[in-house]
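Nothing fancy with the numbering, it's 1 onward along the sequence.
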Amino acid sequence: MNTNDEKIQWHPAFDAALQIELGEETKYLEFDSEHLLSKKPMQIDVLVKNERHVKIQKNIGRIFRQYNVVEYKSPEDDLNIDDFYKVYAYTCIYKADTETVDFIPAAELTITFVCYHYPRTMLQKLQRDRQITVENMESGIYYLMGDAIPMQLIIVPRLSKTNNYWLNNLRNDLKSGGEIRNFIEKYGENKNSKLYQALADTIMRANWQELKEERKMCEALRELFADDLRESREEGIMEGRNVGKREGEASKVIEIVIKKYKKGCSVKETADMLEEPQTLIKQIYDVIGQCAPDYNVEAIYKILLDKTI
C-alpha cells in the first residue's frame with residue numbers, strides 16, 4: 001500500500017486511463033477534465049462528449065450517448081448516497097445551464113460512477129427509495145436500471161485485466177513480482193506517450209514500496225524515467241552534488257527535476273528515480289520552490305551555479 005506522506009493525485013491519472021482504455025475510439029470523443037459547471041466551485045470530474053454520435057464499442061463506453069458525466073473516486077474514498085445525488089444534480093445542472101432551452105436533450109445524458117469499493121449501502125438505498133436495481137454486465141461493470149438517465153458503476157479492481165488492463169492497474173495495491181513486472185514491461189512499450197506517462201507516474205508513486213522490493217524492478221523503473229538524465233550523466237553533466245557547469249546540458253537535468261516537482265513527487269522519490277543523493281535533489285527542489293510558479297530554467301540554473309561555485 002502507499003506510504004507516501006503527500007496525497008496522490010489520482011484524478012489526472014484516471015483521466016489518462018479513461019482515454020487509454022477507450023483506445024482508438026477516443027478520436028470520436030472530447031475529454032474535458034474537471035469541467036466547470038458554473039463560476040461557482042462546482043465541477044464534474046470528467047465530461048466526455050460524443051458530438052459525432054458514434055456508437056462506442058469499448059465496454060466502459062457502450063452506455064455513452066452525446067454527453068457523459070463521469071465521477072471518479074480514488075482508492076482511499078468510498079462512493080456514498082450523497083455522492084450519487086451530487087453527481088445526479090450536477091448532471092441536471094449541466095443539462096439546464098445553457099443559453100438555449102433544451103439545448104442538451106435529457107435523452108443524450110449518461111452518468112458513470114468509478115470507484116474501488118462496491119457501494120453496497122448506496123445501492124440498497126437507491127433500490128429502496130428510487131427502485132433502481134443493479135445489473136452486472138461484465139467484470140467490474142454494473143448498470144443501474146430504472147432511472148430516466150442511463151447510469152453505470154465501474155469497480156476498478158474487478159475490471160478484466162484482459163479488457164481493461166490500464167484502468168484496472170490504476171490502484172495502490174499492485175503486487176510486487178509478476179503484477180508489477182508486467183505493468184513495467186507494458187508501460188515500457190508506450191513510454192513515449194504523455195497519456196501513458198501521466199498514468200504510470202501515479203501508479204508507480206502509489207506502489208513505490210512494492211517497486212523497491214525487487215532490485216530489478218527499481219532498475220527498470222529508472223530506465224523508464226531517467227533516460228535523459230542518464231545520457232547527461234554519461235557526458236559528465238552531473239557529478240556528486242554539482243549541478244553542472246555546462247548550461248545547456250544542465251538545463252535538461254533541471255527540466256527533469258522540475259517535472260517531478262510539479263507532479264508532486266517527494267525529494268526521496270525523485271532521488272530514488274534518478275539515482276541521485278537526496279541532498280542534491282533537496283537543493284534543487286528548494287530553488288525551484290523559490291522560483292515558483294514561473295519555473296524559469298535559466299534562473300534556477302544560475303542560482304544553483306552560484307551555490308556550487
Side-chain angles (χ1 to χ4, degrees), residues 2 4 6-37 41-52 54 56-79 83 86-87 90-91 94 109-117 140-141 151-161 163-172 174 183 186-187 190-207 224-225 259-265:
N2 173 46
N4 295 332
E6 292 99 345
K7 184 175 178 60
I8 297 293
Q9 298 300 312
W10 290 94
H11 284 72
F14 167 72
D15 186 22
L18 187 65
Q19 295 183 51
I20 290 170
E21 287 288 350
L22 289 165
E24 290 295 320
E25 293 177 309
T26 56
K27 63 187 178 184
Y28 305 121
L29 306 172
E30 175 186 345
F31 294 80
D32 190 358
S33 299
E34 297 185 341
H35 176 79
L36 293 177
L37 287 169
M42 295 188 298
Q43 63 185 30
I44 292 168
D45 283 346
V46 184
L47 177 67
V48 182
K49 297 180 182 180
N50 185 5
E51 299 284 14
R52 296 169 65 178
V54 174
I56 303 301
Q57 300 301 316
K58 182 69 178 185
N59 56 358
I60 62 172
R62 287 179 192 145
I63 198 174
F64 285 177
R65 295 186 180 178
Q66 188 173 359
Y67 305 100
N68 309 282
V69 174
V70 182
E71 171 75 1
Y72 171 71
K73 290 290 184 183
S74 64
E76 295 85 3
D77 295 329
D78 293 318
L79 183 66
D83 294 320
K86 179 197 73 173
V87 177
Y90 282 8
T91 303
Y94 175 71
L109 292 166
T110 75
I111 299 174
T112 296
F113 298 95
V114 181
C115 60
Y116 291 78
H117 315 288
I141 301 177
M151 294 182 284
Q152 69 175 343
L153 170 67
I154 296 176
I155 308 298
V156 173
R158 299 186 182 184
L159 287 170
S160 164
K161 288 186 177 295
N163 297 326
N164 306 103
Y165 179 82
W166 297 103
L167 192 51
N168 173 265
N169 276 270
L170 183 58
R171 311 194 319 265
N172 60 358
L174 296 183
F183 173 77
K186 285 185 175 293
Y187 169 59
N190 302 277
K191 67 177 183 177
N192 293 325
S193 164
K194 291 184 178 180
L195 285 176
Y196 284 88
Q197 291 171 11
L199 175 62
D201 187 77
T202 294
I203 293 174
M204 291 178 180
R205 289 185 60 214
N207 296 277
L224 293 173
F225 277 96
K259 288 179 182 179
K260 297 304 175 186
Y261 178 91
K262 292 171 70 175
K263 288 180 178 179
C265 294

If we ignore hydrogens and angles and just use 3.5 Å, is the side chain of Asp77 paired with the main-chain N or O of Lys73 as donor and acceptor? no
Tell me if a side-chain donor or acceptor on Asn68 pairs with a main-chain N or O of Val48 at a distance below 3.5 Å. yes
Can you name the closest pair of heavy atoms from Gly61 and Ile56 and give their distance? O-CB, 3.2 Å
Flag, side chain of Gln9 to backbone of Gly264, donor-acceptor distance under 3.5 Å: no
Taking the basic N atoms (NZ, or NE/NH1/NH2) and the acidic carboxylate oxygens, is any pair closer than 4.0 Å for Lys260 and Asp201? yes
Give the intermediate values and the outcome of side-chain hydrogen bond (donor to acceptor under 3.5 Å, both in side chains) for residues Gln66 and Glu51. CA-CA 6 Å; Gln66 188 173 359; Glu51 299 284 14; 2.8 Å; yes
Check whether any side-chain N or O of Asn207 sits under 3.5 Å from a backbone N or O of Leu174 as a donor-acceptor pair, and report yes or no. yes
Can you tell me how far CD1 of Ile44 sits from NZ of Lys86, rounded to the nearest 0.5 angstrom? 10.0 Å
Beyond-backbone contact of His35 with Tyr94, side-chain heavy atoms, under 4.5 angstrom: yes
Taking the side chain from Glu21 and the backbone from Trp166, do they hold a donor-acceptor pair closer than 3.5 Å? yes
What pair of heavy atoms forms the shortest contact from Ala16 to Leu195, and how long is it? CB-O, 3.4 Å
Measure the shortest side-chain to side-chain distance between Ile111 and Val87 over non-hydrogen atoms and say whether it is less than 4.5 angstrom. yes
Just by distance, no angles: are the side chains of Asn59 and Asn164 close enough, under 3.5 Å, to form a donor-acceptor pair? yes
More than 12 heavy atoms of other residues, nucleotides or ligands under 6.0 Å from NZ of Lys161: is that the case? yes
Check: Ile154 and Gln152 side chains under 4.5 Å, non-hydrogen atoms: yes
Distance (rounded to the nearest 0.5 Å) between Thr26 OG1 and Lys58 NZ: 11.5 Å
Can you tell me if Tyr165 has over 12 outside heavy atoms packed within less than 6.0 Å of its OH? yes
Side-chain heavy atoms of Tyr116 within contact of Leu170, under 4.5 Å: yes
Report the residues that fulfil side chain to side chain donor-acceptor pair (under 3.5 Å) with Arg171, sequence neighbours left out, ordered by chain and then residue number. Asn168, Asp173, Glu179
Glu25 side chain to Gln57 main-chain N or O, any donor-acceptor pair under 3.5 Å? yes
Of the non-hydrogen atoms in Leu199 and Ala13, which two are nearest, and what is the gap between them? CD1-O, 3.7 Å
I would like to know whether Trp10 and Asn172 meet side chain to side chain contact (heavy atoms under 4.5 Å, CB included); could you show each step before the answer? CA-CA 10 Å; Trp10 290 94; Asn172 60 358; 3.8 Å; yes
Donor-acceptor pair, distance only, cut-off 3.5 Å: does the side chain of Glu71 make one with the backbone of Asp83? no
Might you work through the side chain to side chain contact (heavy atoms under 4.5 Å, CB included) test for Thr110 and Tyr67, ending with a clear yes or no? CA-CA 7 Å; Thr110 75; Tyr67 305 100; over 6 Å; no
Euclidean distance, Asn192 CG relative to Gln197 CD, rounded to 0.5 Å: 7.0 Å
Do the side chain of Ser160 and the main chain of Asn163 share a donor and acceptor less than 3.5 angstrom apart? yes
Keeping the roles fixed (side chain from His11, backbone from Val46), state whether a donor-acceptor pair exists under 3.5 Å. no
Measuring from Phe113:CZ to Leu79:CG, what's the distance to the nearest 0.5 Å? 6.0 Å
Under a 4.5 Å cut-off applied to non-hydrogen side-chain atoms, are Tyr28 and Leu22 in contact? no
Does some side-chain heavy atom of Phe183 sit less than 4.5 Å from a side-chain heavy atom of Met204? yes
Within the distance-only criterion (no hydrogens, no angle test), does the side chain of Arg205 pair as donor or acceptor with the backbone N or O of Lys263 below 3.5 angstrom? yes
Rounded to the nearest 0.5 Å, what separates atom CD1 in Ile8 from atom CD in Glu76? 7.5 Å
Can you list the residues that meet the side chain to side chain donor-acceptor pair (under 3.5 Å) rule with Thr91, with sequence neighbours excluded? none
For residues Asp78 and Cys115, determine if any side-chain heavy atom of one lies less than 4.5 Å from a side-chain heavy atom of the other. no
Quick one: CG on Asp15 to CZ on Phe31, what's the gap to the nearest 0.5 Å? 7.5 Å
Could you tell me whether the side chain of Val70 reaches within less than 4.5 Å of the side chain of Asp45, counting heavy atoms only? no
Let me see the working for Thr202 and Phe14 under side chain to side chain contact (heavy atoms under 4.5 Å, CB included), right down to the final yes or no. CA-CA 9 Å; Thr202 294; Phe14 167 72; over 6 Å; no
